**Q** 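Let me begin by handing over the structure; questions about it come next.
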Amino acid sequence: QVQLEESGVGLVQSGGSLRLSCAASGLTYSNYFMAWFRQAPGKEREFVAAISRGGINEYYADSVKGRFTISRDGAKKAVYLQMNRVKPEDTGVYYCAADPTGYGVRTAPDYWGQGTQVTVSS
């Protein structure tokens, strides 16, 4: 059974930083692209960032480019999202996702975590 479990500090002030973590189990981690999505209140879930199987290629939404960094650790079967210079509009539920393809992980991942709330206060 595939499980993606997110964790991270939930409340941060505007301009601050936080790091989200996601632990993967039940899948062959090295075969999967990993990604982060988010859903703000009253809005649809949107792509945030993705990373290739070997961690060489990274992909970002324009809204977070230059502020957020995605990374992965094969030994820990984990993926991270470092969020810097956060803004109130970064508030939402953040989801970890996994898919065997680069296109799939950015559009319709096979697997999702339960999500973790991030609130940025102004």
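Not measured: the values here are computed from a predicted model. Along the sequence shown, residues carry numbers from 1.
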**Q** Using ring pair (Phe, Tyr, Trp, His ring centres under 6.0 Å) as the criterion, point out the one residue from Tyr111, Tyr95, Phe47 that pairs with Phe37.
**A**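 Only match with Phe37 under ring pair (Phe, Tyr, Trp, His ring centres under 6.0 Å): Phe47.
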**Q** Side chain to side chain donor-acceptor pair (under 3.5 Å): which pairs involve residues 46-57, sequence neighbours left out?
**A**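 Non-adjacent pairs meeting side chain to side chain donor-acceptor pair (under 3.5 Å): Arg38-Glu46.
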**Q** If every non-hydrogen atom of Arg72 is compared with every non-hydrogen atom of Phe33, which pair is closest and at what distance?
**A**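 Minimum heavy-atom contact is NH1-CA, 4.1 Å.
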**Q** Hey, does Val120 have a side-chain heavy atom less than 4.5 Å from the side chain of Met83?
**A**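 The answer is no, as the side chains (C-beta and beyond) never meet within the 4.5 Å cut-off.
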**Q** CD of Gln13 to OG of Ser122: how many Å apart, nearest 0.5 Å?
**A**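 Gln13 atom CD to Ser122 atom OG measures 9.5 Å (nearest 0.5 Å).
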**Q** Taking atom CD of Glu5 as the centre, report whether more than 12 heavy atoms of other residues, nucleotides or ligands fall under 6.0 Å from it.
**A**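 No, CD of Glu5 has 12 or fewer neighbouring heavy atoms, counting only those of other groups under 6.0 Å.
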**Q** Checking side chain to side chain contact (heavy atoms under 4.5 Å, CB included) against Val118, which of Thr91, Leu18, Leu81 comes through?
**A**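 Exactly one candidate clears the test, Leu18.
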**Q** Ignoring hydrogens, what is the shortest heavy-atom contact between Val93 and Gly115? Give both atom names and the distance.
**A**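 Looks like CG1-CA, 3.8 Å.
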**Q** If every non-hydrogen atom of Tyr29 is compared with every non-hydrogen atom of Gly74, which pair is closest and at what distance?
**A**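 Nearest heavy atoms, Tyr29 then Gly74: CE2-CA, 3.5 Å.
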**Q** Measuring from Gln117:CD to Gln39:CD, what's the distance to the nearest 0.5 Å?
**A**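 Rounded to the nearest 0.5 Å, the CD-CD separation comes out at 10.5 Å.
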**Q** For Thr28, which residues count as a side-chain contact (heavy atoms from CB on, under 4.5 Å) partner, sequence neighbours excluded?
**A**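 Scan of Thr28 (side-chain contact (heavy atoms from CB on, under 4.5 Å), adjacent residues dropped) gives Ser30, Asn31.
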**Q** Please report the closest heavy-atom contact between Gly8 and Leu20, naming both atoms and the distance.
**A**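 Answer, listing the atom of Gly8 first, then Leu20: CA-CD2, 4.0 Å.
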**Q** Consider only side-chain heavy atoms of I, L, V, M, F, W and Y, link residues closer than 4.5 Å, and tell whether Ile51 and Val2 are in one cluster.
**A**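 Yes.
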**Q** Sub-3.5 Å donor-acceptor pair from the side chain of Asp99 to the main-chain atoms of Asp110, do we have one?
**A**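 A pair under 3.5 Å: yes.
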**Q** Can you name the nearest heavy-atom pair linking Lys87 to Ser14, along with the distance?
**A**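 In this case the closest contact between Lys87 and Ser14 is CA-OG, 4.2 Å.
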**Q** Report yes if some heavy atom in the side chain of Ser25 is under 4.5 Å from a heavy atom in the side chain of Lys77; otherwise report no.
**A**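 Not in contact.
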**Q** Let me check something: do Met34 and Leu27 share a hydrophobic cluster, defined by ILVMFWY side-chain heavy atoms less than 4.5 Å apart, either directly or through other members?
**A**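 Linked, Met34 and Leu27 end up in one cluster.
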**Q** Using a 4.5 Å cut-off on heavy atoms from C-beta on, say whether the side chain of Glu6 contacts that of Trp36.
**A**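 When only atoms from C-beta onward are counted, Glu6 and Trp36 do touch, with a gap below 4.5 Å.
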**Q** Between Tyr60 and Glu58, is any side-chain donor less than 3.5 angstrom from a side-chain acceptor?
**A**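 Judged by distance alone, the side chains do pair up.
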**Q** Do Val79 and Val105 belong together in a cluster built from hydrophobic side chains that touch within less than 4.5 Å?
**A**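 Shared cluster, no.
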**Q** Do Lys65 and Asp62 sit within salt-bridge range, that is, some charged N less than 4.0 Å from a carboxylate O?
**A**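 Yes.
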**Q** Roughly how far, to the nearest 0.5 Å, is CZ of Phe68 from OG of Ser63?
**A**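 Between atom OG of Ser63 and atom CZ of Phe68 there are 7.5 Å.
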**Q** If I compare all heavy atoms of Leu4 with all of Cys96, which pair ends up nearest, and what's the gap?
**A**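 Answer, listing the atom of Leu4 first, then Cys96: CD1-O, 3.8 Å.
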**Q** Are Ile70 and Val12 in one and the same hydrophobic cluster, where Ile, Leu, Val, Met, Phe, Trp and Tyr link if side-chain heavy atoms are under 4.5 Å apart?
**A**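 Both belong to a single hydrophobic cluster.
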**Q** State yes or no: do Tyr59 and Val48 share one hydrophobic cluster built from I, L, V, M, F, W and Y residues joined by side-chain heavy-atom distances below 4.5 Å, directly or via other members?
**A**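 Hydrophobic grouping puts Tyr59 apart from Val48.
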**Q** What distance do Gln3 atom CD and Cys22 atom SG have between them, rounded to the nearest 0.5 Å?
**A**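 Going from the CD atom of Gln3 to the SG atom of Cys22 covers 11.0 Å.
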